[in-house]
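Chain identifiers are assigned alphabetically (A, B, ...) following the order of the sequence lines, protein sequences preceding nucleic acid strands; residue numbering begins at 1 within each chain. Keep in mind that this is a model prediction, so the values were computed, not measured.
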Amino acid sequence: MRLRCAEELLFRALMVLSTIAVLSGLLLIIAVITVKGAGALSLDMITRLPTGGYYLGKEGGLLNAIVGSLLLGLGATACAALLAIPVALYLQHDYAGRRRWANLVRMSLDLLWGIPSIVYGAFGFTIMLYLGLRASLLGGIIALTLVELPIMARAMEEVLRMVSVELREASYSVGATRWETMRAVVVRQALPGLLTAILLAFGRGIGDAASVLFTAGYTDHLPRSLLDPVASLPLAVFFQLGTPFPEVQQRAYAAAFLLLALVLLVSVCSRLLTRRLSRHAVK
Amino acid sequence: MSHIVVEGLSVRYNGQPALDNVSLEIPDRQITAVIGPSGCGKTTFLRCLNRLIDTMDQVRVSGRVLIDGADIFAPRANVISLRRKMGLLSQKPQVLPMSIYDNVAYGPRLHGVRRRRDLDGIVQRCLKMSSLWEEVHHRLRAPATGLSVGQQQRLCLARGLAVEPEALLCDEPTASLDPLSAQSVERLFVELKSRYTIVLVTHILRQAKRLADYVVFLYMGELVEHGPAERVFNNPRDERTRKYLEGVIS
Amino acid sequence: MGVSIRQGSRLPGVDAAPAVPPDRRRGELSPQAVGSGRLLRERFSAALITLVSALVGLLTLVVIAALFLRSLPILRQHPLPELVTGTVWKPLAGQFGFWPFILGTLWVTVLAMVIATPVCLLTAVYLAEYARPSTRALVRPLVDVLAGIPSVVYGLFGVLLIVPFLGDDLAPFAQRHWGFLPWLSPGEVSTGYCVLAGGIVLALMVAPVIIAVAEEVLESVPAGAREASLSLGATKWETVKHVSLRLALPGLVASVVLGFARAFGETMAVLMVVGNVAQSPRSLFDPAYPLPALIANNYGEMMSIPLYDSALLLAALMLLTVVLVFNLLAEAVVWARKRAGQ
Ligand SMILES: Nc1ncnc2c1ncn2[C@@H]1O[C@H](COP(=O)(O)OP(=O)(O)OP(=O)(O)O)[C@@H](O)[C@H]1O
Ligand SMILES: [Mg+2]
């Protein structure tokens with residue numbers, strides 16, 4: 001009996017310690033980045049382009065990376081949504097008449113979800129070579145779309161599936177077609193969840209570095225067309241950290257902080273949004 | 001032999017009362033049937049007796065349950081030995097994810113029985129007590145999930161008996177069984193009551209009439225009436241009990 | 001209906017879609033019943049949806065095929081076993097030995113999993129079985145949010161905190177006191193950019209993933225099984241050990257395998273802290289050069305060297321293959337389990 005209680009206590013202690021270790025480790029990350037990054041942040045940092053080259057120039061800010069990341073993230077999220085919504089609809093019972101096909105698509109999404117983003121980067125680059133593109137905003141958007149698509153499609157599928165069969169059948173029973181039912185009932189009912197899925201994918205996309213490394217390139221300037229190379233926040237961290245100059249490294253810290261803040265903001269927003277919007281849905 | 005006395009027991013889920021000031025004494029070595037309409041607090045009552053109620057979130061329990069004179073809700077009460085004393089048979093048979101043999105040996109092993117021969121003896125004795133031995137003795141190593149539902153329920157009974165409890169708490173133990181299996185479980189109860197105090201929650205009035213020596217009638221968390229089976233069934237004192245027995249409220 | 005990384009994996013019980021009997025499948029109306037405009041729209045949308053889904057369904061194959069075709073040139077010149085076991089990496093001399101990179105990937109990933117698995121599983125058990133609901137309600141969204149932190153942020157954290165700690169404090173300490181342990185004593189002076197730094201950063205990165213999935217698996221263990229064990233007088237931990245963990249085992253394995261696959265392909269965070277020296281590490285304090293880092297550092301440049309880009313895409317193909325195999329494995333575990341449960 002004594003022994004059994006001791007075992008219980010031992011494992012309970014181990015569990016509490018593990019939980020504390022994990023949480024404090026993760027919170028430590030946020031704290032370190034915030035302290036380092038907030039100190040490096042200034043108005044110049046977010047409103048000016050770097051001068052004298054991002055790698056060597058000690059003056060200027062991160063505007064190129066901020067704008068670039070937003071363009072990449074928004075573009076890729078829009079593209080991914082255009083692809084993910086049909087796929088998520090297809091995976092509903094209403095469309096996937098033959099379950100076998102639906103399962104194949106679902107499995108493909110599962111596998112795509114697991115593919116490392118560096119592989120998407122390499123794949124995207126070979127596609128670009130094939131099309132004769134150079135590192136550009138367009139290339140970055142293509143690669144990021146591939147990264148975001150499985151995340152978004154799977155999240156959307158789950159959300160759509162929560163719309164009850166009864167509700168769909170209520171629509172069918174008044175003579176609506178599948179398309180009308182999807183548009184008017186299912187998508188509307190699942191709207192908060194769909195937006196959350198989009199935000200989730202946006203947050204994931206904007207922070208991804210490996211996929212844009214070769215496809216979007218890096219530059220000091222703002223892009224003037226889809227075919228210009230473009231900077232991004234994750235790469236701003238990566239490249240500028242590698243310089244020997246502390247002034248330039250400051251830009252890396254600031255970029256990391258901005259990135260972290262952006263991702264956390266998106267994540268919190270999506271949570272609040274879900275809570276706010278789902279009040280209107282039929283429970 | 002443990003003696004169960006309930007004094008002023010109240011339970012609230014999230015502030016919603018589920019049991020309200022229940023006081024009664026459960027007679028030893030008899031079958032006590034707890035009856036009442038759905039949601040009246042029967043399961044809650046049963047879960048108080050072995051403190052499984054602790055595993056639920058947001059419950060508040062007040063009052064006392066005395067077993068052999070000791071309050072089981074006292075801060076220093078030993079929950080483990082209490083649960084060992086009060087065997088539980090749930091509505092859906094819950095076999096553990098292991099072989100038939102290990103299911104029965106699970107409890108004794110926890111409580112320190114290590115020797116192979118002892119375990120074999122316990123397993124055989126308990127399976128015989130729950131009249132399952134004939135059916136399974138040649139496949140004790142097979143996974144317990146392979147048994148039929150009725151056999152699973154008897155296995156759960158054997159598993160409960162293996163830790164040498166003093167009382168058996170049964171929550172609608174025949175609800176998910178076919179009529180024949182239900183009959184065999186009922187027969188077991190009659191055999192077992194000479195050695196164990198049995199608290200039987202049931203929805204089936206006829207089952208209560210067949211088995212019970214003592215009856216407790218709960219209605220919306222309130223203890224309406226309790227007494228010897230014969231008296232309660234033939235001569236209910238409370239209007240609500242009479243209506244329930246006549247099938248007017250259910 | 002929160003969307004979270006919990007949906008990143010298919011789990012037993014989680015995706016039990018209500019099956020609709022075929023006769024109640026609706027919406028495929030006869031032309032007479034619907035106006036022709038509506039019918040057209042219905043047909044058109046269905047075709048579009050099917051088309052896009054087919055493309056996405058084929059995408060996996062396209063990625064594999066593209067990488068395979070592009071790595072064919074090098075596979076034609078050098079047999080695969082030679083490439084995999086070769087230890088010399090001199091692209092200019094036409095020597096492409098992947099072994100140091102493969103070894104580097106394995107060191108870092110396995111180390112990360114060795115650190116992360118026990119801690120994460122204990123945390124998941126704590127959250128699912130022990131923690132108060134209020135604690136759980138606080139920690140769970142936190143874990144989800146943390147899962148979304150970009151990898152460069154983890155990498156920067158490693159550079160700022162872990163690398164200096166390892167290089168300045170732990171490595172000298174290990175050199176002095178752990179000399180007798182083969183893996184734990186740095187051969188020469190360590191800069192802190194090493195296998196251990198990569199392992200720690202990776203472990204932190206995969207922790208939220210493993211915890212979220214494992215916790216969900218544990219919570220799907222039916223309460224009845226737990227109660228049956230408790231009511232026999234088992235302690236809480238005994239119940240966890242003999243019942244919950246046993247029932248959740250396939251899902252827990254899947255969670256760890258998913259974490260492994262994630263760690264295996266992770267690029268930036270590792271790249272930033274692991275040193276990137278093309279040699280086989282001999283201790284935790286030696287630098288390593290994992291496959292993803294190899295691709296990230298070199299692809300897109302020096303494309304004029306013959307076979308170089310083919311070699312790098314072969315590296316990508318290797319990564320992809322391992323990750324796909326592990327993901328399939330995780331799925332098979334869950335799937336087999338579901339089968340057995342029926
Ligand atoms: N976990 C819980 N949280 C909140 N309320 C609960 C919980 N469990 C039970 N209740 C409520 O407590 C009351 C009593 O429930 P209990 O399960 O004891 O009823 P019962 O008599 O066993 O019903 P049945 O015959 O249907 O099994 C019910 O009103 C029920 O809704
Ligand atoms: Mg009940």
Would you say [X] and [Y] make side-chain contact, with heavy atoms under 4.5 Å?
X	Y	result
A:Tyr90	C:Val52	no
C:Ile49	A:Met182	no
A:Val16	C:Tyr126	yes
C:Val119	A:Met15	no
C:Glu266	A:Pro116	no
C:Phe157	A:Leu26	no
C:Met268	A:Asp208	no

Heavy-atom pairs under 4.5 Å with chain A: which of [options] has the most?
options	value
C:Val63, C:Val145, C:Leu320, C:Val159	C:Val63
C:Leu67, C:Val153, C:Leu58	C:Val153
C:Leu146, C:Leu55, C:Leu317	C:Leu146
C:Leu328, C:Leu160, C:Asn327, C:Leu121	C:Leu160

[X] portion near chain C, given a 4.5 angstrom heavy-atom threshold:
X	value
A:Leu83	both
A:Ile30	side chain
A:Ser267	side chain
A:Leu146	side chain
A:Leu17	neither
A:Ile20	neither
A:Leu28	both
A:Leu23	side chain
A:Thr181	neither
A:Ile33	side chain

What part of [X] lies closer than 4.5 angstrom to a heavy atom of chain A: side chain, backbone, both or neither?
X	result
C:Val62	both
C:Leu271	side chain
C:Ile295	both
C:Leu319	side chain
C:Ala261	neither
C:Leu161	side chain
C:Thr267	side chain
C:Leu142	side chain
C:Val323	side chain

Can you give me the closest heavy-atom contact between [X] and [Y], atom names plus distance?
X	Y	result
C:Val152	A:Pro234	CG1-O, 3.6 Å
A:Phe123	C:Ala66	CE1-CB, 3.5 Å
A:Arg204	C:Gly148	NE-CA, 4.3 Å
C:Ala296	A:Phe214	O-CE2, 3.8 Å
C:Glu331	A:Asp110	OE2-OD2, 2.6 Å
C:Gly233	A:Arg4	O-NH2, 2.9 Å

Which of [options] touches chain C most, by non-hydrogen pairs under 4.5 Å:
options	answer
A:Leu241, A:Leu104, A:Leu89, A:Val268	A:Leu241
A:Thr215, A:Val266, A:Val263	A:Val263
A:Val22, A:Ile118, A:Val87, A:Val105	A:Ile118
A:Ala256, A:Ala209, A:Ala135	A:Ala209
A:Leu264, A:Leu235, A:Leu233, A:Thr126	A:Thr126
A:Val119, A:Leu112, A:Leu260, A:Val237	A:Leu112

Quick one: does any side-chain atom of [X] pair with a main-chain N or O of [Y] as donor and acceptor, under 3.5 Å?
X	Y	answer
C:Glu42	A:Trp179	yes
A:Glu8	C:Lys236	yes
A:Ser108	C:Val56	yes

Distance, nearest 0.5 Å, that separates [atom1] of [X] from [atom2] of [Y]:
X	Y	atom1	atom2	result
C:Asp144	A:Arg271	CG	CZ	5.0 Å
C:Arg41	A:Arg178	CZ	CZ	15.0 Å
A:Tyr95	C:Ser45	OH	OG	4.0 Å
A:Leu259	C:Ile149	CG	CD1	10.0 Å

task = Flag yes if more than 12 heavy atoms outside C:Tyr130 fall under 6.0 Å of its OH atom; otherwise flag no.
result =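 Yes, OH of C:Tyr130 has more than 12 neighbouring heavy atoms, counting only those of other groups under 6.0 Å.
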
Exercise for review: For side-chain contact (heavy atoms from CB on, under 4.5 Å), just list the numbers for C:Leu59 and A:Leu109, CA-CA rounded to whole Å, side-chain angles, deciding distance to a tenth of an Å, and then say yes or no.
Suggested key: CA-CA 9 Å; C:Leu59 191 55; A:Leu109 278 182; over 6 Å; no

Practice task
With sequence neighbours left out, write down each residue that passes side chain to side chain contact (heavy atoms under 4.5 Å, CB included) with A:Glu7, or none if nothing qualifies.
Solution key: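 Applying side chain to side chain contact (heavy atoms under 4.5 Å, CB included) to A:Glu7 gives A:Phe11, C:Trp237, C:Lys241.
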
